Amino acid sequence: MKSIHIRLLGLLLLVGLSSCEEFLDVNENPNNPEDAPITGLMTNATYETALNVQRVGSTTSNYVQYLASPNPASASDVMDPLNFSGTWFNLYNVMTDLTDLISKAEESDAGHYLGAGQVLMALNLGMTVDIFGDVPYSEGFDFSSVTPTYDDDEQLYAEIMRLLDSGIQNLAGSTTISMGADDFIFQGDVEKWGKFANVLKARFMLHTKGTGSYNESELLAALDNGFSGNEDDAFVTFFEQRFNPWAQVAINNANLLLGGWISTQFIEALDGTSYPTVDPRLGLMIGTTDEGEFVGVLNGEGRGDAPEQGARSTLVPGQFYTSELSPLLIATYAEQKFIEAEAALSTDPGRAYAAYLAGIEAHMDMLEVPQAEKDAYLSDPSVAVGAQALTLDTILKEKWVALFLHPETWNDARRFDYGYKDMTVPANLNADLNGQFIRRLAYPDNEVSRNGQNVPNVTLLDRIWWDQ
């Protein structure tokens, strides 16, 4: 396995893991060479897509109060309008490669590459729309203009669904070239790609629940064709030459490059403070103080007079999310079951309740919670509430735990109006937010300076189309 990883690392370096070019540079782009093979494009797209999930998650984890800055009034905690030029570039860089991959796959009748490319395009486009709203797409990748127009976010959601439907169809069809080790997510398993596409379809459809385009039966039908269990999860596993980024955060923190400190909100949701029972997953997800306790940091307040180490909980090396070779999760069976629970809640409480319990169990199995502790938690009256007493609050609380560090929870938080129990706005909140939680990211500085005539004039409180 190590030799395969080393060879794949070499391939990644050949197709250009890093680049200082900006996404709309009309000169030669080393991340998008004209003669890049379809296999190299697939390697880079699958690998970098997982990193994009982590990159967005590293921003949104403070907003949903998984993490908190040890410094008072830190910009990430207090929801200041930060410059996300790097995130923007990385998302568009992958979509540029995917544009080439899709074109090459169409030319060579490589149906499976085409389908996978469309699924990845839908995911990266969806992440971009969900955090920024209107973005360039129709004029974003042909390099005919360095000032592309911005497409409407609702129309882009229709494009996301079109891409997923086309991807599902192409993955089920014939191909002249088969995927293999160049696919970092499923290693060429086309059946799993199809399941993944259906889970993503359900994810993006769930975002629209408060709009006229929501279709519950279509969402549930997609889930029927989704993952069968944890073994189908979509992720990229890291290797000795390149650590999982969350592992690097934990390692850096241990070396006093402070990051990965845990929000009091997250700890108190699992330690018996905000809810009646102690969650056995807590110690498998974060570290304790030197005294063996779980102590968080209040968002916006910083660590106060606590020392730089030992007195507050942080991400620590070696756990499920923070081992050097840990997977970066893109979509999971646990998430799928919570999507099902929310979608079925109003029409089929029995199905919703079974899915809710299955989602908790799937995440516990992922973390390898001992059976006795898992059984005790699942049978606790505050968890085993029964089908008729199940509420959206209960489902989304458990989903928030199960999607730790994943950016999808910011979409949930906005749909839920940040209604998690005991969640309050951070101390020292950005005054422009008028005491409210952030609803979108600011457009990047480099995009405003280069394409300002097309960049929408919005504030951090302006909601994207589905967040109404």
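Computed from a prediction, not measured in an experiment: that's the story for all the values here.
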Colleague: Could you tell me if the side chain of T322 sits less than 4.5 Å from the side chain of V249, heavy atoms only?
Modeller: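 No; the side chains remain at least 4.5 Å from each other.
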Colleague: Quick check: closest heavy atoms across S313 and I286, and the distance to 0.1 Å?
Modeller: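 Shortest heavy-atom separation between S313 and I286 comes out as CB-CD1, 4.2 Å.
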Colleague: Using the ring centroid of each side chain, check whether F266 and Y66 are separated by less than 6.0 Å.
Modeller: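 For F266 and Y66, the ring centres are under 6.0 Å apart.
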Colleague: Kindly say whether F184 contributes a backbone atom to a donor-acceptor pair with the side chain of Q187 at under 3.5 angstrom?
Modeller: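 Here the side-chain-to-backbone pair exists.
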Colleague: Do the charged groups of E398 and R281 touch, with an N to O distance under 4.0 Å?
Modeller: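 Salt bridge present between E398 and R281.
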Colleague: Is there a side chain to side chain contact (heavy atoms under 4.5 Å, CB included) between F320 and L284? Walk through the geometry before answering.
Modeller: CA-CA 7 Å; F320 176 83; L284 301 174; over 6 Å; no
Colleague: Would E218 and K201 count as a salt bridge (charged side-chain N to carboxylate O under 4.0 Å, His left out) if you check the C-alpha gap in whole Å, the side-chain angles of each, and the deciding distance to 0.1 Å?
Modeller: CA-CA 9 Å; E218 186 176 354; K201 183 175 179 180; 3.4 Å; yes
Colleague: If you measure only the distance, is there a donor-acceptor pair under 3.5 Å linking the side chains of Y157 and D130?
Modeller: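 Present: a donor and an acceptor within the cut-off.
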Colleague: Hey, does the side chain of H112 reach the backbone of G173 with a donor-acceptor pair shorter than 3.5 angstrom?
Modeller: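 Here the side-chain-to-backbone pair exists.
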Colleague: Would you name the heavy atoms of T391 and L345 that are closest together and state the gap between them?
Modeller: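 Heavy-atom minimum between the residues: C-CD2, 4.0 Å.
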Colleague: Write down the atom of H406, the atom of E408, and the distance for their closest heavy-atom approach.
Modeller: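 Heavy atoms of H406 and E408 come nearest at ND1-N, 3.0 Å.
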Colleague: When you measure from the side chain of T175 to the backbone N and O of I177, does any donor-acceptor pair fall under 3.5 Å?
Modeller: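 A pair under 3.5 Å: yes.
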Colleague: Give the minimum heavy-atom separation between G296 and T264, together with the two atoms involved.
Modeller: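 Between these two residues, the closest heavy atoms are C-OG1, 3.1 Å.
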Colleague: Would a 4.5 Å heavy-atom cut-off, applied to side chains only, mark R203 and N411 as touching?
Modeller: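 They are not in contact (no side-chain heavy atoms under 4.5 Å apart), so the answer is no.
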Colleague: Any sub-3.5 Å donor-acceptor pair from S323's side-chain atoms to G318's backbone N or O?
Modeller: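 Such a contact is found between S323 side chain and G318 backbone.
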Colleague: Is any NZ, NE, NH1 or NH2 atom of the basic residue among D232 and K195 found under 4.0 Å from an Asp or Glu carboxylate oxygen of the other?
Modeller: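 Salt bridge: yes.
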Colleague: Mind listing the closest non-hydrogen atom pair of V64 and A413 along with its distance?
Modeller: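 Shortest heavy-atom contact: CG1-CB, 3.9 Å.
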Colleague: Using 30° and 60° as the class boundaries, would you call the ring planes of F196 and F227 parallel, tilted or perpendicular?
Modeller: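 It falls in the parallel class, under 30°.
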Colleague: Are Q118 and I168 close enough, and set up right, to give a side chain to side chain contact (heavy atoms under 4.5 Å, CB included), and what steps lead you there?
Modeller: CA-CA 9 Å; Q118 290 167 325; I168 291 167; over 6 Å; no
Colleague: In Å and rounded to the nearest 0.5 Å, what is the CG to CG distance from L429 to D80?
Modeller: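 Those atoms lie 8.5 Å apart.
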Colleague: Does the side chain of I251 come within less than 4.5 Å of E324's, by heavy atoms?
Modeller: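 Sidechains of I251 and E324: in contact.
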Colleague: For the pair T332 (side chain) and E335 (backbone), establish whether a donor and an acceptor sit closer than 3.5 Å, ignoring hydrogens and angles.
Modeller: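 Yes, because the side chain of T332 sits within donor-acceptor range (under 3.5 Å) of the backbone of E335.
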Colleague: Is the shortest side-chain heavy-atom distance between M179 and T46 below 4.5 Å?
Modeller: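 The answer is no; the side chains never approach within 4.5 Å.
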Colleague: Identify the residue among N299, N71, N428 that makes a side-chain hydrogen bond (donor to acceptor under 3.5 Å, both in side chains) with D77.
Modeller: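 The single option meeting the side-chain hydrogen bond (donor to acceptor under 3.5 Å, both in side chains) with D77 is N299.
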Colleague: Will you find, in the side chains of Q248 and N252, an N or O donor that is under 3.5 Å from an N or O acceptor?
Modeller: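 Indeed, the side chains of Q248 and N252 share at least one donor-acceptor pair under 3.5 Å.
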Colleague: When the ring planes of H363 and Y321 are compared, do they come out parallel, tilted or perpendicular, using 30° and 60° as the limits?
Modeller: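 The rings of H363 and Y321 sit tilted, inter-plane angle from 30° to 60°.
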Colleague: Determine yes or no for a side-chain-to-main-chain donor-acceptor pair under 3.5 angstrom, with D189 supplying the side chain and E191 the backbone.
Modeller: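 Such a contact is found between D189 side chain and E191 backbone.
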Colleague: Go through the steps for V119 and L171 under the test side chain to side chain contact (heavy atoms under 4.5 Å, CB included), then give the verdict.
Modeller: CA-CA 10 Å; V119 171; L171 286 163; 4.1 Å; yes
Colleague: Using a strict 4.0 Å threshold on nitrogen-to-oxygen distance, state whether R55 and E48 make a salt bridge.
Modeller: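 Looking at R55 and E48, the cut-off is met.
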Colleague: Kindly check if the number of other-residue, nucleotide or ligand heavy atoms within 6.0 Å of CD (Q388) is above 12?
Modeller: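 Result for CD/Q388: open.
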Colleague: When you measure from the side chain of T43 to the backbone of T39, do you find a donor-acceptor pair of N or O atoms at a distance under 3.5 Å?
Modeller: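 At least one qualifying donor-acceptor pair exists.
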Colleague: Taking C-beta and beyond as the side chain, do T208 and F204 meet within less than 4.5 Å on heavy atoms?
Modeller: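 Heavy-atom side-chain distance check fails, nothing below 4.5 Å.
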Colleague: Please confirm whether the backbone N or O of P280 pairs with a side-chain atom of K374, one donor and one acceptor, at under 3.5 Å?
Modeller: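 Here the side-chain-to-backbone pair does not exist.
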Colleague: What I want to check is whether the side chains of T49 and N124 have a donor and an acceptor closer together than 3.5 Å.
Modeller: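 Per modelled atom types, T49 and N124 side chains form a pair under 3.5 Å.
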Colleague: Under 3.5 Å, is there a donor-acceptor pair between the N230 and D365 side chains?
Modeller: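 Absent: no donor and acceptor within the cut-off.
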Colleague: Could you check whether any side-chain N or O of N253 sits under 3.5 Å from a backbone N or O of G259, counting only pairs where one atom can act as donor and the other as acceptor?
Modeller: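 Indeed, once roles are kept as given, a pair shorter than 3.5 Å links the two residues.
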Colleague: To the nearest 0.5 Å, what is the distance between OG1 on T59 and CD1 on I131?
Modeller: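 Here the interatomic distance stands at 7.0 Å.
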Colleague: Does the distance from a Lys or Arg side-chain N to an Asp or Glu carboxylate O, for R463 and D417, drop under 4.0 Å?
Modeller: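 Looking at R463 and D417, the cut-off is met.
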Colleague: Could you tell me whether the side chain of M423 reaches within less than 4.5 Å of the side chain of F437, counting heavy atoms only?
Modeller: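 Contact flag for F437/M423 side chains = yes.
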Colleague: Could you label the plane-to-plane angle of the W88 and Y92 rings as parallel, tilted or perpendicular, counting under 30° as parallel and over 60° as perpendicular?
Modeller: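 Ring orientation of W88 relative to Y92: tilted.
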Colleague: Quick one: CG on L91 to CE on M127, what's the gap to the nearest 0.5 Å?
Modeller: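 The distance works out to 5.5 Å.
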Colleague: For the residue pair K421 and Q265, what are the closest heavy atoms and their distance?
Modeller: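 For K421 versus Q265, the nearest heavy atoms are O-NE2, 3.0 Å.
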Colleague: Just verifying a value: how many Å separate T314 OG1 and I262 CD1, rounded to the nearest 0.5 Å?
Modeller: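 Result: 6.5 Å between the selected atoms.
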Colleague: Using a 6.0 Å cut-off, check whether atom CD of E231 has over 12 heavy atoms from anything other than its own residue.
Modeller: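 More than 12 heavy atoms, drawn from other residues, nucleotides or ligands, come within 6.0 Å of this atom.
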Colleague: Going through the checks in order, is the side chain to side chain contact (heavy atoms under 4.5 Å, CB included) test met by S346 and E216?
Modeller: CA-CA 10 Å; S346 62; E216 178 187 305; 4.0 Å; yes
Colleague: Please check this pair: side chain of D183 against backbone of G188, looking for a donor-acceptor N/O pair closer than 3.5 Å.
Modeller: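 Yes.
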Colleague: Between P407 and V53, is any pair of side-chain heavy atoms under 4.5 Å apart?
Modeller: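 Counting from C-beta outward, P407 and V53 do come under 4.5 Å.
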Colleague: Within the 3.5 Å criterion, strictly below it, is a donor on D165 or Q169 matched to an acceptor on the partner's side chain?
Modeller: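 No donor-acceptor contact under 3.5 Å links the two side chains.
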Colleague: Any non-hydrogen side-chain atom of D279 less than 4.5 Å from a side-chain atom of M364?
Modeller: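 They are in side-chain contact.
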Colleague: Atom NZ in K337, atom CD in E342: separation rounded to 0.5 Å?
Modeller: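 Spacing of NZ (K337) from CD (E342) equals 14.5 Å.
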Colleague: Using only heavy-atom distances, determine whether the side chains of Y275 and D380 contain a donor-acceptor pair under 3.5 Å.
Modeller: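 No, because no side-chain N or O of Y275 sits under 3.5 Å from a partner of the opposite role on D380.
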Colleague: Calculate, to the nearest 0.5 Å, the distance between atoms OH and CD belonging to Y137 and E159 respectively.
Modeller: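 The CD atom of E159 is 4.0 Å from OH of Y137, to the nearest 0.5 Å.
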